[in-house]
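Heads up, the thing below is written out as structure tokens.
Nothing here was measured: the structure is a model prediction, and the numbers come from that model. Both backbone and side-chain heavy atoms feed into the values below; hydrogens, waters and symmetry mates do not. Per chain, numbering begins at 1; letters A, B, ... match sequence-line order.
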2 protein chains.
Amino acid sequence: MPTRRELANAIRVLSMDAVEKANSGHPGAPMGMADIAQVLWQDFLKYNPGNPLWLDRDRFVLSNGHASMLLYSLAYLSGFPLQLDELKNFRQLGSRTAGHPEHEPEIGIETTTGPLGQGLANGVGMALAEKILAAHFNRPGLPIIDHHTWVFCGDGCLMEGVSHEACSLAGTLKLGKLIVFYDDNDISIDGKVKGWFADNTPERFAAYGWHVQSIDGHDADAIAEATRKARDENERPSIICCKTVIGWGAPTKAGTKATHGEALGAEEVAGARQQLGWKDPPFVVPPEILKAWNHAEAGRAAEDAWKQLFARYRSAHPQLAAELERRMAGKLPASWADTRKAAIAAAQAVSGAQATRVSSQAALNSIGGGLPELLGGSADLTGSNNTLQKISRGIDPDDASGNYIHYGVREFGMTAVMNGIALHGGLIPYGGTFLTFSDYARNAVRMAALMHQRVLLVYTHDSIGLGEDGPTHQPIEHLNALRLIPNLTLWRPADAVESVIAWCEAIEHAAGPSALVFTRQGLPQLPRTPAALAAIARGGYVLSDCEGTPECIVIGTGSEVSLAVAAAKAVAAQGKRVRVVSMPSTERFDAQDVAYRDSVLPPAVRARVAVEAGSTGLWWRYVGDRGRVIGLDHYGASGKAPELYKKFGITAEHVQQEILDSIKGTDK
Amino acid sequence: MPTRRELANAIRVLSMDAVEKANSGHPGAPMGMADIAQVLWQDFLKYNPGNPLWLDRDRFVLSNGHASMLLYSLAYLSGFPLQLDELKNFRQLGSRTAGHPEHEPEIGIETTTGPLGQGLANGVGMALAEKILAAHFNRPGLPIIDHHTWVFCGDGCLMEGVSHEACSLAGTLKLGKLIVFYDDNDISIDGKVKGWFADNTPERFAAYGWHVQSIDGHDADAIAEATRKARDENERPSIICCKTVIGWGAPTKAGTKATHGEALGAEEVAGARQQLGWKDPPFVVPPEILKAWNHAEAGRAAEDAWKQLFARYRSAHPQLAAELERRMAGKLPASWADTRKAAIAAAQAVSGAQATRVSSQAALNSIGGGLPELLGGSADLTGSNNTLQKISRGIDPDDASGNYIHYGVREFGMTAVMNGIALHGGLIPYGGTFLTFSDYARNAVRMAALMHQRVLLVYTHDSIGLGEDGPTHQPIEHLNALRLIPNLTLWRPADAVESVIAWCEAIEHAAGPSALVFTRQGLPQLPRTPAALAAIARGGYVLSDCEGTPECIVIGTGSEVSLAVAAAKAVAAQGKRVRVVSMPSTERFDAQDVAYRDSVLPPAVRARVAVEAGSTGLWWRYVGDRGRVIGLDHYGASGKAPELYKKFGITAEHVQQEILDSIKGTDK
């Protein structure tokens, strides 16, 4: 039977070999954390490599994603369907072993990591999802949801602000089944961290209400004992601060930044082999070590035990069992089509001015009852974001049976936690903040998009229309900047009907996040034909039209659509033929076929005006050479919203003028 | 002589009156922090309202910017040139009393705040600047730089991740003259914070190495004593946790979220007047209270004492005195023109492939020696960002005489700290990270732009060209997304010469931040005429041209310019007339007069191709209806850079094809 150290050394050798072959990568952290990983994965982690998607598996997150070879080594060794050839192709185009781990739970990669701190926050989200689902589904004697979330992280993760946001929240919410191993190796890219990171990390986490231990990260017994204690602690999240040596095993470079982010070099690798007593050539792991690592049998046994439990659960609670399976599969309920229909009908009944944030809340109230997986929240702007449903109930540290999270003033943390919730499965998270503060969370939005996660971002106060709070709170570039994020769909609805359809489309779109953007100020309800109603979901549609071929097309979004309508009406009175296009989602519109797009924006009609109370940048593509764009390419100001609209020329009169000029072809 | 409480009540009454009149704003925090403000501003703060820009003044930052009426009240009461009428026009268009404080040191507003946590980080930057300038300029017995930075912050600031980044760094760097008052009022917008913010904040800050005190924030004696102790502590930054009641003085709403973000209402205001014993009508402060508040005389005396010190300094160290004044005025040295010239000449001598991050470092080495105010740094990517100059010397906790800050893995903190450094004056900060991680800092970049601060953002690894690190690290949307931020100038140079000019332009541009974007991979040096060289600073220029009117214009930036050149050469061989435009800065190009822009991009030439290894979105405006854009509107992949460029079609061959198609007018 190989020793623990020999088992850990398999990780070390595979990691340094793969980095060496790629001549690119990060050997230091895998070599430093190998002993911890060996104890965790072999003695504690609950998983079945034969069925990686087992819903009650433990979740493992490598927050220090540059240590990707650690995860690939573990996946290969323990028997996930990741072949040795993939390790040999580390970091090569087309391989499953990318430079940083890319979400693929089928081979044990629960989340994409690399942008530091966010994996840790994803882990908080996963642990929170587990706690909530357990409260929703477990029944006495039938703990069918009962798993841990384990996170590896490094100094970088703990320097990042998002670690504060997520870990403070985890402590407050008492996520007792979250366990973090901190790779305390004193080294970051610039060198010895003490010159820029002198925190007393144990004390910091104690201040968050965590259970804290400090150990030697190369002492397997100490690791096992601390892990046991952490697992036995059910009230508080745990952090185990592991003092380690980066690049452990490298004869001359261990303990230095030279092992962090580059190949060790042939000589150092040879020296490491000698020091580790590893006789085999690159990528060869002796059969007895491979055998000792293989988790197929133990994993199957673990899942079998759970399956028996779940069978008892199913016979006692058949509906709940089916509901859990539905939710974990990410499928909407059978009643969804009716829910959607009723919600749209309710929105159509709205008359009079209403802020779209209010319309959004009404939509939520129409939808939420039929969609128990909807998990709301706000970064401390609940009353302003209108994110609370009538049926919303807060998640408390001691009662997780609700469906609403007060995330606190933590936009980045909220978003990265929502990513973790979505990754876990069983819940569809939505969370609100002001559109401007999407900036704080921007990279987490990107990660949701990169990972194709259904995360719903509620952004209210979407323009200078928020008024007196002034330029720090008034988004300008944000609509365009969010639209630039690949695989994010942004909706900026113009009234109650568009708002509810935006919500429905976002909920139905399982393959990526959606940003739902709403106003603070009241907007009129827009009349539309059944055809127009049906076309909203296509992202851009003809809201009002003229007889015959239009002389000009006006495109608007959100609060500016009603200005476009008013302007079109005024110029129609002068005998001009103008079409108004409402474009709540440019991404969705762009995804339509050419025939549809050309039917909305006929290529022959070159006189075009776009109006949106934000940057003009992306609109030039829609209006073309003869077109005009009314927007704002500068900051706003503190004042009353109507005065700001007037001051900055976002008015029906201005739209009217641009329509006429565009038709005339006047110089811009 | 009015009591301290009466003096504090003047703040309370002005704040609630102004919010009431505007029917918008935040009365709770000013009323809760009034007692602290009274003690600080009247007994400790070193300032002269008669000369608000006195360079050795204390800096005061209201990080919880929604409490703006606190700051406006203080400015008015203590005698800054802020008239009572401005308070009456609180939050109205055109007033100096915006919803959130907007940088205007002339009336005591040292930084724009509102986006939570960032004011605190700005304060860390100011205190750091003070420490560095003191080390650069003070001489034995002549402490001409010797002031404190005082920060007010609330629960929201401390929940934000940037507070962790900045405060951890402040503790590490031992910023003993930074003193923070934490308004610990248990309330945030969603209600009682204990449901989402249960940190032991004193313990957290002790973990950062801070000096921590906890007091009753309504007990003036306790406040004064704690402030004295904090001021006497020179080694560690201080936080004074002040237990307060939000909306203190409001009879029924005090202590509740109802006082946070809306007018109290006439009845509550009347009740508060009664409870506070305030007899006067709205906006009337009794003369004896006004007199007791007025700081004109005390301020003049304080500055006069310093002036005497500075006069002695000047006579002992005339050159240093002049140098300090130059640097505080934000003027470049007289030698600057020569420095620039020599740096360009050095870049012109480069031959062969060189990554622009290396060219950037060479530029820094050319420039740095002649520009002692340049203060470098990196968010733990020093070796990758190439931000270290030959003359760089790290800032240590115990020796601040250097010129380089290891910011740690803290992109947002770094940027907000740089904003504070720039706001303080006397230093020009630059700091590096990977372009992708500009996301983490995005709102701080926006704040630099909004405040017109000269902050230099070095972003390397600017495309898929970074290769194996994969899609988490490969920027796609970032170039366009940054260009959208108003008043930010982005430079993406194509070779060594453009790199040095980008640096020089950024340094000369005092009215806003610049993003300097560089490659990881090597790029060839481009030949250019003297006219082209001279035109680089205009943001876009003709790099290579054809005889006669071009049939097509190819526009490229950075690493793609050489592809454009190669493609143009290839089609020229087929007899086509093609012009190549290098466009390192679209913002700068857009700011040129029409005649120049039309000379580079003649309106009559409609066949156009733009190429940039990033989002295509903003380029359509430059290429127009017949143009084409080669870019990436999806994520990258992990692999070798040349393979990625090929896979994603960012090649000279593709450019060539699009040139021909554009000339033909083939359907896109």
Side-chain angles (χ1 to χ4, degrees), chain A residues 24 91-93 98-100 114-116 156 159-162 164-165 168 172 188-190 195-200 203-204 207-209 380-382 406 408-410 412 439-440 442-443 450 468-472 477 480-481 484-486 615 617-618 620-621 624-625 633-635 638-639 643, chain B residues 24 91-93 98-100 114-116 156 159-162 164-165 168 172 188-190 195-200 203-204 207-209 380-382 406 408-410 412 439-440 442-443 450 468-472 477 480-481 484-486 615 617-618 620-621 624-625 633-635 638-639 643:
Chain A
S24 166
R91 293 185 151 234
Q92 303 312 303
L93 193 53
H100 291 83
L116 293 175
M159 280 186 252
E160 290 287 3
V162 70
H164 168 61
E165 298 182 14
S168 167
T172 302
S188 65
I189 293 177
D190 275 9
W196 45 90
F197 183 45
D199 289 9
N200 181 329
E203 197 172 311
R204 172 186 166 202
Y208 295 152
D380 201 46
L381 287 167
T382 292
H406 293 280
V409 188
R410 304 180 178 103
F412 194 7
D439 277 356
Y440 276 56
R442 192 168 164 88
N443 200 263
L450 181 59
E468 292 93 337
D469 272 344
T472 53
E477 68 277 24
N480 273 332
L484 287 168
I485 297 179
S615 305
L618 295 183
W620 295 102
R621 187 179 143 215
D625 292 352
D633 289 313
H634 54 76
Y635 295 105
S638 175
E643 293 177 26
Chain B
S24 167
R91 291 185 152 237
Q92 303 311 304
L93 193 53
H100 291 83
L116 294 175
M159 280 186 252
E160 290 287 4
V162 69
H164 168 60
E165 298 182 13
S168 166
T172 301
S188 67
I189 292 177
D190 274 10
W196 45 89
F197 182 46
D199 288 9
N200 182 331
E203 199 171 310
R204 173 186 165 203
Y208 295 152
D380 201 45
L381 288 167
T382 292
H406 292 279
V409 188
R410 304 180 178 103
F412 194 5
D439 277 356
Y440 275 58
R442 192 167 164 88
N443 200 263
L450 181 59
E468 292 93 337
D469 272 345
T472 54
E477 69 276 25
N480 273 332
L484 287 167
I485 297 179
S615 304
L618 295 182
W620 295 102
R621 188 179 143 219
D625 292 351
D633 288 314
H634 53 76
Y635 295 106
S638 175
E643 293 177 26

Requested in this report: Apply the test side-chain hydrogen bond (donor to acceptor under 3.5 Å, both in side chains) to residues B/Ser24 and B/Arg91: give CA-CA distance (whole Å), side-chain angles for both, the deciding distance (0.1 Å), then the verdict.
Outcome: CA-CA 8 Å; B/Ser24 167; B/Arg91 291 185 152 237; 2.7 Å; yes
### Task
Could you please spell out the steps behind the side chain to side chain contact (heavy atoms under 4.5 Å, CB included) verdict for A/Val162 and A/Arg410?
CA-CA 8 Å; A/Val162 70; A/Arg410 304 180 178 103; over 6 Å; no
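Put simply, of A/Gly156, A/Pro486, A/Ala98, A/Gly161, the one with the most heavy-atom pairs under 4.5 Å next to chain B is A/Pro486. Comparing B/Asp633, B/Ile485, B/Leu618, B/Leu484 by heavy-atom pairs within less than 4.5 Å of chain A, the highest count is held by B/Leu484. Chain A forms more heavy-atom pairs under 4.5 Å with one residue of B/Arg621, B/Glu643, B/Glu160 than with any other, namely B/Glu160. Interface remark: of the candidates A/Asp380, A/Thr172, A/Leu116, A/Asp380 forms the most heavy-atom pairs closer than 4.5 Å to chain B. When each of A/Gly639, A/Ser615, A/Pro115 is checked for heavy-atom pairs under 4.5 Å with chain B, A/Pro115 comes out on top.
The aromatic rings of B/Tyr208 and B/His164 sit tilted, their planes meeting at an angle between 30° and 60°.
For B/Phe197, the parts lying near chain A are the backbone and the side chain together; criterion is any non-hydrogen pair under 4.5 Å. Looking at A/Asp199, the atoms closer than 4.5 Å to chain B (heavy atoms on both sides) sit in the backbone and in the side chain alike. Both the backbone and the side chain of B/Asn480 come within contact range of chain A, with heavy atoms under 4.5 Å apart. Both the backbone and the side chain of B/Ser168 come within contact range of chain A, judged by heavy atoms closer than 4.5 Å. Both the backbone and the side chain of B/Ser188 come within less than 4.5 Å of a heavy atom in chain A.
In this structure, B/Phe412 and A/Tyr440 have side chains that are in contact, with non-hydrogen atoms separated by less than 4.5 Å. Taking 4.5 Å as the limit, every side-chain heavy atom of A/Asp469 sits out of range of all side-chain heavy atoms of A/Ser638. Within the 4.5 Å cutoff, side-chain heavy atoms of B/Thr472 are placed close to those of A/Leu450.
Every ring pair (Phe, Tyr, Trp, His ring centres under 6.0 Å) that A/His406 has, sequence neighbours left out, goes to A/Tyr404, B/Trp196.
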